[in-house]
Each structure stands twice: as structure tokens, then as C-alpha cells.
Amino acid sequence: MALPRRRSIHGSGRAVLQALGRDAVFSELSYTYPLKLVSPKIDAQNPVAIAYILSYGGGLISGDQIDITFEIGSGAVLQLLTQVNLRLSFVDESSDCILIAPKGSTKVFRIRGTAERDRASNAHLSDSAVGGTDISIQRLSVSVATNASLFLLPDPVTCFSGASYSQIQTFRLDQGATACILDWYNCGRLSRGEEWDLKRYRSVNEVWIGAKRVARDVMLLEDSSKDAILPLAPRNLKDRMAPYTCYATLLLFGPLVQKLISAIQDDLQTISQFQQSAPSPLIWSFSPIEQGGIVRVAGLETETVKTWLKKTLLPITEVVGSEAYDKAFV
């Protein structure tokens, strides 16, 4: 299936969620192309809302910039998801169209053809430069009021071959607010032979409680083996990330995830460490920090990590409800 090719563009969105009795109501929900924010109605006993972050064409292409702001008022609960059954669009400038295939995760694409040749002639441009022609950028800013809660449970980011992606996420919590923040990514399209074949991936997560920054997590992946000057042979990104193909970071803060944190710590105590002849299908760790903790997960397959996350986070159904939670990790 083919659609007219879409040029890179700058989109933005803003949403304000408030609790009105037993209902959670968006007093503002706005967005500009190629971003789309959708909030389906759910039957909840508490003021819980779901919002999906969508993009036309099923993902980002080179040069796209997305800025999103959410405000969650006191007493409201927001479960923030990304689109499911995404369409994978491959941008081919030679045919001037986007090829569509079904299903996937949060996709970051690469433009090939004429645009790539143009960029080659402008190699002095930095990949990390905001507004550069080669990198896709998404900025997410969320403020969470006292007694409000955020549960960010997106699909994993999948970077296509040659893609560059930068993600900056900032979360500002008032005292007494709760946040469950999932950030995860995988190696690419294994079915097409793409394994850690991305050009650059950078993800920054900052969590503030009041005026204090309690966490700043930065992940940078890039294949710098060709530029390395080492006494040993350089290793490419695929070799450095092996044997695992999916990595996840889970940040937990606030009163409504303390029960979850306790359960994770109890599970950690049951783990025995011993030498193995082959890599474990999944490994994970937990680090307690001020007013919360950080979980890190790595798995041989994305589905293995997804299954572990869905089981581990099951206690949050007490906050968001089963109907909302069933929409995550599908």
C-alpha cells in the first residue's frame, strides 16, 4: 500500500487534565500535525483518563520535531500510552511515496534517496543540532500536582536502519504526586536483518519533586567504532549491546507506587546469582533512590521484556483500574 510521501514537520500538543468528582476531564486537548492526541472513554470508579500519543503515518521520519505538554491536576490519574497496531512507514524519495506495512511499536524512520544525498553534501551539520535535517526529536513535559498520578506506559521505540532519534522527557512532581515512567527501546526490525543498525539514539529523563531534581537518566547509543582509537579492535554497537535486543528503564516515585516498589524489592531478594553457560532470557535490577526507585531490564526478545513488565506492574491496577491497564502492553 502506498501513500503520498510526507515531509518532516514540527508538531506540538498540549493537554490539561482535571478531576471533577469521579470523572477525569480534559479541559484542554489540542495538537498540530503530524501529532495527534486521543482520549477514549473508559468506565472507571476513580478520576482516571487515558491518552494516546499518535502520529500520522505510524511514526517519526527524519527531521520531525514533536513537543508535548501535559498538566495533571490534583486528584486526577493519567495513563499515557502510544499507538497500538502501528503502521510502519518507509520513506523512499525515489518513488515519492510512503510504503505502509501493519503493526509495530513507536517507530523512527530514515529518509533515503535524494534527501540523503543532499545531507551528504552538508555533512558539517551536527546530528544533535535541534532543527537539523537528520534527527527526529521528541520533547515531553509533564507536571503532576499533589495527589495526582502519571502512568507513562508507551510501546518500545524502534529505530529503523540509519535512523537518528533524540528524546527529552521532563517530569515535575509536586509533593505527594505519583509517577510511573517507562522508557524502553529495542534493536530494530530483526525480521529485515536490522539489529542495532541505527545511527544515533539519545534518551533523557529528568524527574523533579518540588524544586529538587531527584533523577536524571541519560542513554546514548551510537556506532562510533569507525572513529575509535583504541589498543584493541573497535566493537560496533551490535557487539556492545549483545546478546540482548530490548532494554527498559522504569522510574517510580510517589506514594501510590510504594506498594509496587516493595513488591519489586521482595522479588529481588528471591534471586540467586550463579554462573551460567548461556545468557539468561531476561535480567533486571532495582536501585532505590530518594522517594522512589529505578528498575532496569534487558531481554533477549522484546516480548520477554513486555511480559515481565506487564506482570510486574500489575499492582497499579488498584489505581488505574483493570480496563485502563488492559490497554497497555498489548
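In this chain, residues are counted from 1 in sequence order.
- With sequence neighbours excluded, no residue forms a side-chain hydrogen bond (donor to acceptor under 3.5 Å, both in side chains) with Gln18.
- A donor-acceptor pair under 3.5 Å links the side-chain atoms of Asn236 to the main chain of Asp239, judged by distance alone.
- Looking at Asn186 and Glu301, their side chains never bring a donor and an acceptor atom within 3.5 Å of each other.
- Of the charged side-chain nitrogens involved, at least one lies within less than 4.0 Å of a carboxylate oxygen, so that Glu28 and Arg14 count as a salt-bridged pair.
- Tyr247 and Tyr185 have parallel rings, their planes meeting at less than 30° on a 0 to 90° scale where 60° marks the start of perpendicular.
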* To do: Take Met219 and Thr249 through the side chain to side chain contact (heavy atoms under 4.5 Å, CB included) test and state the conclusion after the steps.
  => CA-CA 10 Å; Met219 174 59 65; Thr249 300; 5.9 Å; no
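- Here the side chain of Thr178 pairs a donor or acceptor atom with the backbone of Leu256 at under 3.5 angstrom.
- A donor-acceptor contact shorter than 3.5 Å links the side chain of Thr32 to the backbone of Ser12.
- Side-chain contact check for His10 and Asp64: no donor-acceptor pair (N or O, by modelled atom type) lies under 3.5 Å.
- A search for salt bridge (charged side-chain N to carboxylate O under 4.0 Å, His left out) contacts involving Lys259 returns Glu318, not counting sequence neighbours.
- Qualifying salt bridge (charged side-chain N to carboxylate O under 4.0 Å, His left out) partners for Glu323, counting only residues two or more places apart in sequence or in other chains: none.
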Which pairs of donor and acceptor atoms, one on a side chain in residues 43-50, lie under 3.5 Å apart (sequence neighbours left out)?
residue : atom : partner : partner atom : Å
Gln45   : OE1  : Arg22   : NH2          : 3.1

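- A side chain to side chain contact (heavy atoms under 4.5 Å, CB included) with Cys180 is found for exactly one of Leu250, Leu251, Val320, namely Leu250.
- Sorted by first and then second residue, the side chain to side chain donor-acceptor pair (under 3.5 Å) pairs with a member in residues 285-294 read Lys212-Glu290; sequence neighbours excluded.
- Listed for the Thr170 side chain is no donor-acceptor partner under 3.5 Å among the backbone atoms of Glu206.
- Considering only residues two or more places apart in sequence or on other chains, Asp267 meets the salt bridge (charged side-chain N to carboxylate O under 4.0 Å, His left out) condition with none of them.
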* Step by step, would you call Lys36 with Tyr52 a side chain to side chain contact (heavy atoms under 4.5 Å, CB included)? -> CA-CA 8 Å; Lys36 187 174 184 179; Tyr52 285 93; over 6 Å; no
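- Remark: the backbone N or O of Lys310 is paired with a side-chain donor or acceptor of Tyr325 at under 3.5 angstrom.
- In this structure a side-chain-to-backbone donor-acceptor pair under 3.5 Å is missing from Thr304 to Leu282.
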